[in-house]
There are 2 protein chains.
Amino acid sequence: MMRRMARAATTSDVFNAIAEPQRREILILLRTGERPVTELAQELGMTQPGASKHLRVLREVGLVRVREAGKQRLYGLDARGLRPVHEWTGGFERFWNESFDRLDAYVQDLKQARQEGSN
Amino acid sequence: MMRRMARAATTSDVFNAIAEPQRREILILLRTGERPVTELAQELGMTQPGASKHLRVLREVGLVRVREAGKQRLYGLDARGLRPVHEWTGGFERFWNESFDRLDAYVQDLKQARQEGSN
DNA sequence: TTGACGCATGCCGATATCGGCATATGATGA
DNA sequence: TCATCATATGCCGATATCGGCATGCGTCAA
């Protein structure tokens, strides 16, 4: 039945897949070329099962591809799935590039009120 | 001690904040201007407490700002926090725009393998 | 065939998430 | 002051997440 879901399945949503810092690191690393799981785990300081699990998530949302190479499984980047995210955030570009009526007033307000650095 | 965290705190990470579909909808809606909570909840078909909670997360990562207006609290967009996400994904742009050596090989490989093997 | 390697998966525990509901808090106006 | 509106928060239950560990399974080499 699955009436309620605590969160959109990480496995079906690129936004969710890249919400995990380690998974983002994997993607970055894979920009330099494909890697077998163990090597990847080693370079990122994670356990092999840990790497495998993250890779699975990435695979399921289509951000990586696997290629069998004998004993190994070479994981490679497939960044096409990141494009929608890029475009989605791009839809807000003008809101951070231009200074807006209300927005601008806010910003000035805040800059004065807080020092903005705290976090 | 908090040795292990099941996930990066949603409250400290913009990536995580926008991993939630409803929160993304809120951000989109707020592009057209600020809104009091109830109106926002109504327009997006969510309960008032639900809206408040999502707004809290968005506030804590700095994606929205609140302005007190008498009884109401007007929430407005602050898209600056989306810029890092845009840039991060942008770092993968050439991987989906250009056709790459290895990448290309993969694709060809897969096309062949599927035609032959047909799992 | 056997053993070692590479990897995936299953189970567990701790914790976080999300929605619903009730309720607390705060401002407004009669 | 008191009722009311607007919002925030607390608690709950169901579920998902993530890391660690053990183990299963396939591949290769001797």
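To find a chain, count down the sequence lines: A is the first, B the second, and so on, and within it residues start at 1. Here the structure is a predicted model, which means the values were calculated and not measured.
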Checklist entry - Among residues 39-49 of chain B, which residues get a heavy atom nearer than 4.0 Å to DNA chain C? => result T47(B), P49(B)
Item to check | Closest listed nucleotide, where the reference is the side chain of S52(B) and the choices are dT9(C), dT7(D), dA8(C) | outcome: dT7(D)
Next on the checklist: Give me each pair satisfying salt bridge (charged side-chain N to carboxylate O under 4.0 Å, His left out) with a member in residues 45-55 of chain B, each pair once, sequence neighbours excluded.
Outcome noted: none
Checklist entry - Between H54(A) and dT17(D), does any side-chain N or O lie under 4.0 Å from OP1 or OP2? => result no
Report all interatomic pairs (protein N or O, nucleotide N or O of nucleotides 26-30 of chain C) with separations under 3.5 Å.
none

Next on the checklist: Under the rule for side chain to side chain contact (heavy atoms under 4.5 Å, CB included), what residues qualify as partners of R73(B), not counting sequence neighbours?
Outcome noted: V66(B), E68(B), Y75(B)
Checklist outcome for this item: Checking dC11(D), dC7(C), dG19(D) against the side chain of K53(B) (C-beta onward), the nearest is dC11(D)
Next on the checklist: So if I take every side-chain heavy atom of R23(B) and compare against dA6(D), dT9(C), dC18(C), which nucleotide ends up nearest?
Outcome noted: dC18(C)
Checklist entry - Of all residues at least two apart in sequence or in a different chain, which pass the side-chain hydrogen bond (donor to acceptor under 3.5 Å, both in side chains) check with Q22(A)? => result none
Item to check | Contact summary for A19(A) and P21(A), nearest pair of heavy atoms | outcome: O-CD, 3.4 Å
Next on the checklist: Between H86(B) and H86(A) (side chain of the first, backbone of the second, donor and acceptor by atom type, cut-off under 3.5 Å), is there such a pair?
Outcome noted: yes
Item to check | N/O (side chain, Y75(A)) to phosphate O (OP1/OP2, dG6(C)) under 4.0 Å | outcome: no
Checklist entry - Given atom CD1 of I26(B) and atom C1' of dG19(C), what is their separation to the nearest angstrom? => result 13 Å
Checklist entry - Just to confirm, is there a sub-4.0 Å distance from OP1 or OP2 of dC7(C) to any side-chain nitrogen or oxygen of T38(A)? => result yes
Checklist outcome for this item: Looking only at dT7(D), dC18(C), dT9(C), the nucleotide nearest the E20(B) side chain is dC18(C)
Throw together a table of side-chain donor-acceptor distances under 3.5 angstrom for residues 39-49 of chain B, partners on residues two or more places apart or in other chains.
from, atom 1, to, atom 2, distance (Å)
E39(B), OE2, R35(B), NE, 3.4
E43(B), OE2, R35(B), NE, 2.6
T47(B), OG1, G50(B), N, 3.0
Q48(B), NE2, S52(B), OG, 3.1

Next on the checklist: If I take atom CZ in residue R24(A) and atom C1' in nucleotide dC18(D), what distance separates them, rounded to the nearest angstrom?
Outcome noted: 15 Å
Checklist outcome for this item: Per atom distances to the R73(A) side chain, the nearest of dT9(C), dC7(C), dG20(C) is dC7(C)
Checklist entry - Salt-bridged, D13(B) to R24(A), with N to O below 4.0 Å? => result yes
